[in-house]
Amino acid sequence: MYVSRLVPPRNYQYYHEVMDLEPKALPFKWRIIGGSEVDITNVPYTVMYGLYCGGSLIAPNWVLTAAHCKDKEKFVLAGSSRRSQTIRYKICAHFIHPKWGDETNMHPQDFDYQLVLLEKPVPVTPSSRPIAIGNLDEITPGAVVSVSGWGYTRVKERHMQDLIRRVFVPIMSYEECSSLPNRNYQTISPRMFCAGFLNGTKDSCQGDSGGPAVHNGKLIGSVSFGVGCAQKDQPGVYASVPAVRDWIRSVTALPL
């Protein structure tokens with residue numbers, strides 16, 4: 001299924017065009033796991049896909065989330081810091097990356113991308129605003145990404161948070177990540193990157209899957225998987241969003 005319609009010129013501003021960007025050298029005061037509660041106006045692109053996954057608003061009627069969150073959900077939640085006060089927006093179509101689940105992929109979680117088309121657009125307000133997609137050259141070792149969502153704050157906590165949280169974690173080099181002892185890291189693909197601290201303490205967790213990883217106010221990653229949460233030598237793994245810009249453009253017809 002493909003969208004075949006003309007898309008009018010963008011008449012709204014992206015997050016990075018209206019908000020002050022995080023400073024390049026961040027003090028790691030924000031401790032998601034090890035994170036802090038934050039107002040939705042600081043992360044207005046963050047939404048929930050169904051009740052147990054996250055997502056990123058990339059246009060008023062388009063959300064990017066994870067393929068592993070599956071295509072059975074009927075709605076997206078947006079517009080409030082409190083999950084219990086968000087507004088539901090009905091989904092009319094799902095688009096999972098065609099290479100997701102391909103047995104020839106380098107890693108079982110490779111191509112972990114899903115696009116969701118909404119029946120009605122999310123109003124662009126300080127509490128719900130689309131985010132632009134960054135560039136591949138922004139995914140560099142040491143660059144700091146902010147990750148936001150309503151997911152667990154402890155492993156196997158078994159309930160989502162009502163207030164949204166955000167954590168800042170640094171990107172690791174491909175060589176450092178792929179050399180970690182757990183075999184889940186040893187075959188990560190060029191469409192993946194790791195971010196976190198080798199001593200654990202800060203990480204995304206269950207319920208954050210599909211949520212945004214942001215650098216300089218632009219979307220560069222989507223929460224894909226982790227081995228536990230905030231464990232030693234087990235950083236979070238993110239799907240690189242700029243790596244599939246052409247696919248996103250082909251499905252949505254957005255002027256990315």
For a quick test of reading the model, state the closest non-hydrogen atom pair linking [X] to [Y] and the distance between them.
X	Y	value
Leu51	Met48	O-CE, 3.0 Å
Gln186	Pro181	NE2-O, 3.1 Å
Leu136	Ser240	CD2-OG, 3.7 Å
Gly79	Ser128	CA-CB, 4.4 Å
Ile40	Ser127	CG1-O, 3.5 Å
Ile220	Pro242	O-CD, 3.2 Å

Do [X] and [Y] land in one hydrophobic cluster if side-chain heavy atoms of ILVMFWY residues count as linked below 4.5 Å?
X	Y	result
Val47	Leu254	no
Val122	Val18	no
Leu118	Ile248	no
Ile91	Ile58	no
Ile131	Val43	yes

Main-chain N/O of [Y] paired with [X] side-chain donor or acceptor, under 3.5 Å:
X	Y	value
Arg191	Ala239	no
Ser56	Thr46	no
Asn182	Asn184	yes
Glu119	Tyr89	no
Ser178	Tyr174	yes
Trp150	Tyr52	no
Ser80	Arg82	yes
His215	Gly221	no
Tyr49	Lys70	yes
Asp112	Trp100	no

Next on the checklist: Please determine whether salt bridge (charged side-chain N to carboxylate O under 4.0 Å, His left out) holds for the pair Lys90 and Glu73, giving the CA-CA distance in whole Å, both sets of side-chain angles, and the decisive distance to 0.1 Å.
Outcome noted: CA-CA 9 Å; Lys90 192 173 180 180; Glu73 301 296 346; over 6 Å; no
4.5 Å side-chain heavy-atom contact, [X] and [Y]:
X	Y	answer
Leu64	Leu219	yes
Gln234	Leu180	no
Phe197	Pro235	no
Ser222	Thr65	no
Pro60	Pro123	no
Tyr45	Pro212	yes

Checklist entry - Do Tyr185 and His107 have their ring centres less than 6.0 Å from each other? => result no
Checklist entry - Would the Trp62 and Phe95 ring centres measure less than 6.0 Å apart? => result yes
What distance do [X] atom [atom1] and [Y] atom [atom2] have between them, rounded to the nearest 0.5 Å?
X	Y	atom1	atom2	value
Arg245	Trp247	CZ	CH2	14.0 Å
Tyr12	Thr125	OH	OG1	14.0 Å
Cys53	Leu77	SG	CG	12.0 Å
Phe193	Ser173	CZ	OG	13.0 Å
Asp39	Ile164	CG	CD1	9.0 Å
Phe111	Asn105	CZ	CG	5.5 Å

Checklist entry - Does NZ or CZ of Arg129 come closer than 6.0 Å to the centre of the six-membered ring of Tyr15, within 45° of the ring's axis? => result no
Checklist entry - With no hydrogens and no angle check, do the side chains of Ser209 and His68 hold a donor and an acceptor under 3.5 Å apart? => result yes
Checklist entry - With a 3.5 Å cut-off and no angle check, do the side chains of Gln114 and His97 form a donor-acceptor pair? => result no
Item to check | Steps toward side chain to side chain contact (heavy atoms under 4.5 Å, CB included) verdict (Ile171, Thr140) | outcome: CA-CA 7 Å; Ile171 295 175; Thr140 57; 5.8 Å; no
Checklist entry - Between Tyr14 and His16, how do the two ring planes meet: parallel, tilted or perpendicular, split at 30° and 60°? => result parallel
Item to check | Residue pair Tyr238, Val147: steps toward the side chain to side chain contact (heavy atoms under 4.5 Å, CB included) verdict | outcome: CA-CA 10 Å; Tyr238 299 80; Val147 187; 3.6 Å; yes
Next on the checklist: Let's go through Ser148 and Val38 carefully: what are the C-alpha distance in whole Å and the side-chain angles of both, what is the deciding distance for side chain to side chain contact (heavy atoms under 4.5 Å, CB included) to 0.1 Å, and is it a yes or a no?
Outcome noted: CA-CA 9 Å; Ser148 48; Val38 64; 5.5 Å; no
Next on the checklist: Closer than 4.0 angstrom, basic N to acidic O: yes or no for Lys99 and Asp110?
Outcome noted: no
Checklist entry - Which is it for Val145 and Val169 under the side chain to side chain contact (heavy atoms under 4.5 Å, CB included) test, yes or no, and what are the steps along the way? => result CA-CA 6 Å; Val145 295; Val169 288; 3.7 Å; yes
